[in-house]
Amino acid sequence: MSETSPKLRAELEGIPTYKPGKPAAAGGPVAYKLSSNENPYPPLPGVMETVTAAACTFNRYPDMACTALMNELSDRFGVPLSHLATGTGSVGVAQQLIQATSGPGDEVIYAWRSFEAYPIITQISGATSVQVPLTSGDVHDLDAMADAITDRTRLIFVCNPNNPTGTVVRRAELERFLDRVPGDVLVVLDEAYREFIRDPEVPDGVELYRDRPNVCVLRTFSKAYGLAGLRVGFAIAHEPVAAALRKTAVPFGVSQLAQEAAIASLRAEDELLGRVGSLVCERTRVVDGLRAQGWTVPETQANFVWLRLGERTVPFAEACDQAGVVIRPFPGEGVRVTVGETEANDIFLKVAEGFRKEL
């Protein structure tokens with residue numbers, strides 16, 4: 001037997017592993033999972049019935065073109081069908097965007113810390129990550145990001161609201177930034193948490209894209225719509241970019257169940273808005289509670305909060321585990337805590353209060 005191994009791409013060396021939120025321990029002390037930015041509610045009305053009916057077609061391939069879903073999205077957002085592309089969650093579409101734009105010798109710019117998939121999918125493509133530190137307020141430094149553009153830059157991610165800090169960039173600064181970006185550089189507005197925004201100064205990326213051919217908007221059904229387990233997201237972009245996304249898509253990647261569930265979820269918008277409103281109210285309660293305890297909490301427009309803890313990050317996460325909630329630590333930096341059920345939020349606030357007193 002040969003002792004040699006198949007040759008693999010050198011770019012794969014040292015790629016960080018994506019770390020999903022730690023699950024609640026079955027039968028253990030942890031009762032609530034606040035480590036992934038999931039919706040705590042069950043599927044929206046009509047979704048379960050739709051998915052159950054669609055399950056009868058498991059033996060068939062899904063509609064590769066996602067025809068019905070694409071038509072629904074076109075009507076919902078007032079965009080041409082040719083400006084739409086779907087994928088396995090917004091992260092799947094993000095990877096397709098890098099595949100379509102960037103390779104060895106190219107550069108991808110994004111803020112850091114931001115969504116932890118960005119460095120992974122950039123390195124897989126062979127491109128070079130250019131990480132621009134957040135401001136002291138944990139917000140995108142758009143001026144510094146614009147200054148980082150070179151003739152090798154192919155794509156820029158702007159995560160708005162930013163994961164994991166929940167902070168946002170507002171209309172004036174974002175438009176000023178877009179005006180500085182060369183037209184041949186693609187700017188991806190990653191708006192996975194768009195539905196939770198209540199700041200009127202945060203622009204809807206779909207409105208910005210309309211007269212800017214180099215702007216692409218990412219959305220997902222994983223967060224507000226509660227379809228995280230079905231993996232369906234989409235992009236809105238001008239035709240050349242959207243066509244490239246359709247070329248780089250994994251054939252039949254979005255299951256028929258996901259397609260049908262997404263359509264049913266779009267049609268349950270009234271219920272969706274009510275649930276999102278309740279989560280936003282809980283978000284306000286959690287942030288107010290933390291600030292009353294003396295914590296410095298960035299303004300969040302997402303469904304999570306960020307606490308910068310530095311070296312105390314892991315002990316804080318362990319204290320939460322022991323109390324019955326699992327959260328998402330970024331060792332040496334801070335913790336991201338999803339706004340979940342009221343009972344879970346209460347446990348988290350109690351842990352935070354006790355931990356604060358010990359500092």
Closest contact, heavy atoms only, Leu279 versus Gly340: CD2-O, 4.4 Å
Heavy-atom closest contact (Ala268 atom, Pro45 atom, distance): CB-O, 4.1 Å
Non-hydrogen side-chain atoms of Tyr41 and Leu272 separated by less than 4.5 Å: no
Note: Arg328-Glu116 ion pair, threshold 4.0 Å (strictly below): yes
Any pair counted as side chain to side chain donor-acceptor pair (under 3.5 Å), so long as it reaches residues 52-62, sequence neighbours left out: none
Spacing of CD1 belonging to Ile327 relative to NZ belonging to Lys33, to within rounding of 0.5 Å: 14.0 Å
Any side-chain heavy-atom pair of Val335 and Arg312 under 4.5 Å: no
Exam field: side chain Asn214 to backbone Asp184, donor-acceptor pair closer than 3.5 Å: no
Verdict with supporting geometry, Ile98 and Gln123, side chain to side chain contact (heavy atoms under 4.5 Å, CB included): CA-CA 10 Å; Ile98 291 186; Gln123 190 169 339; over 6 Å; no
Results of ring-ring contact (aromatic ring centres under 6.0 Å, His included) for Tyr118 - residues two or more places apart only: Tyr110, Phe115, Phe157
Non-hydrogen atoms of Ala242 and Ala85 that approach each other most closely: O-CB, 4.0 Å
Asn162-Ser114 side chain donor-acceptor pair, cut-off 3.5 Å: yes
Met64 reachable from Leu81 in the ILVMFWY side-chain graph, under 4.5 Å edges: no
Side chain to side chain contact (heavy atoms under 4.5 Å, CB included) evaluation trace for Leu73 with Ile236: CA-CA 9 Å; Leu73 291 170; Ile236 299 175; over 6 Å; no
All pairs passing ring-ring contact (aromatic ring centres under 6.0 Å, His included) where residues 161-198 contributes a residue, at least two apart: Tyr193-Phe304
Pair Val276-Arg198, side chain to side chain contact (heavy atoms under 4.5 Å, CB included): steps then yes or no: CA-CA 11 Å; Val276 169; Arg198 291 298 180 269; 3.5 Å; yes
Arg283 side chain vs Gln301 backbone, donor-acceptor pair below 3.5 Å: yes
Nearest heavy-atom neighbours spanning Thr86 and Cys66: OG1-SG, 3.4 Å
Would you give me the side-chain donor-acceptor pairs under 3.5 Å for residues 244-258, sequence neighbours excluded?
| unit_1 | atom_1 | unit_2 | atom_2 | d |
| --- | --- | --- | --- | --- |
| Arg246 | NH1 | Leu84 | O | 2.6 |
| Thr248 | OG1 | Ala244 | O | 3.1 |
| Thr248 | OG1 | Leu245 | O | 3.2 |
| Ser255 | OG | Ala258 | N | 3.0 |
| Gln256 | OE1 | Asp63 | N | 2.8 |
| Gln256 | NE2 | Glu260 | OE2 | 3.1 |

Connected via hydrophobic side-chain network under 4.5 Å: Val206 and Leu97: no
Taking every non-hydrogen atom, the tightest pair across Leu155 and Ser102: CB-OG, 4.3 Å
From CA spacing to verdict: ring pair (Phe, Tyr, Trp, His ring centres under 6.0 Å), Tyr209, Phe77: CA-CA 12 Å; Tyr209 116 94; Phe77 292 98; 10.0 Å; no
Set of salt bridge (Lys or Arg N to Asp or Glu O under 4.0 Å) partners for Arg285, sequence neighbours left out: Glu282, Asp346
Gap between atom OG1 of Thr88 and atom CD of Gln95 - 0.5 Å precision: 8.0 Å
Validation: residues 350-359 side-chain donor-acceptor distances under 3.5 Å, sequence neighbours left out:
| unit_1 | atom_1 | unit_2 | atom_2 | d |
| --- | --- | --- | --- | --- |
| Arg356 | NH2 | Gly294 | O | 3.0 |

Leu174 and Leu208, any side-chain heavy atoms less than 4.5 Å apart: yes
Same apolar cluster: Val188 and Val132, side chain cutoff 4.5 Å: no
Residue list, side-chain contact (heavy atoms from CB on, under 4.5 Å) with Ala53, at least two apart or on another chain: none
Trace of the side chain to side chain contact (heavy atoms under 4.5 Å, CB included) decision for Arg275 with Leu44: CA-CA 9 Å; Arg275 291 182 177 188; Leu44 288 159; 3.7 Å; yes
Value rounded to 0.5 Å, distance of CG in Leu134 from CZ in Arg308: 7.0 Å
Ser129 (side chain) donor-acceptor with Gln131 (main chain) under 3.5 angstrom: no
Residues in salt bridge (Lys or Arg N to Asp or Glu O under 4.0 Å) contact with Arg76, at least two apart in sequence or another chain: Glu269
All pairs passing side chain to side chain donor-acceptor pair (under 3.5 Å) where residues 216-239 contributes a residue, at least two apart: Glu191-Arg219, Asp204-Arg219, Thr220-Ser222, Ser222-Arg231
Atom pair CG (Asp199) and OG1 (Thr167), whose distance is rounded to the nearest 0.5 Å: 11.5 Å
Asn163 and Arg336 side chains, donor-acceptor separation under 3.5 Å: yes
With sequence neighbours excluded, residues passing ring-ring contact (aromatic ring centres under 6.0 Å, His included) with Phe330: Trp306
Within-4.5 Å side-chain heavy-atom neighbours: Asp141 and Pro133: no
Under 3.5 Å donor-acceptor, Gln293 side chain and Leu349 backbone: yes
For the student: nearest non-hydrogen atoms of Val47 and Ser265, plus distance: CG2-OG, 3.4 Å
Single-linkage hydrophobic cluster, 4.5 Å side-chain cutoff, Ile156 and Ile120 together: no
Partner set under side-chain contact (heavy atoms from CB on, under 4.5 Å) for Glu49, not counting sequence neighbours: none
Atom pair CZ (Arg194) and CG (Leu189), whose distance is rounded to the nearest 0.5 Å: 10.5 Å
Spacing of CE belonging to Met70 relative to OG belonging to Ser82, to within rounding of 0.5 Å: 8.5 Å
Check: Ser125 side chain, Gly103 main-chain N or O, donor-acceptor pair, under 3.5 Å: no
Flag if over 12 foreign heavy atoms under 6.0 Å of CD, Glu207: yes
Student check: side-chain heavy atoms of Glu175 and Arg212 closer than 4.5 Å: yes
Of all pairs that satisfy salt bridge (Lys or Arg N to Asp or Glu O under 4.0 Å), the ones with a partner from residues 97-115, not counting sequence neighbours: Asp106-Arg154, Glu107-Arg152, Arg113-Glu333
Expected output: side-chain Thr313 to main-chain Gly334 donor-acceptor under 3.5 Å: yes
Flag side-chain contact, heavy atom, 4.5 Å: Thr122 against Thr128: no
Pairwise side-chain contact, Glu72 with Arg267, heavy-atom cut-off 4.5 Å (strictly under): yes
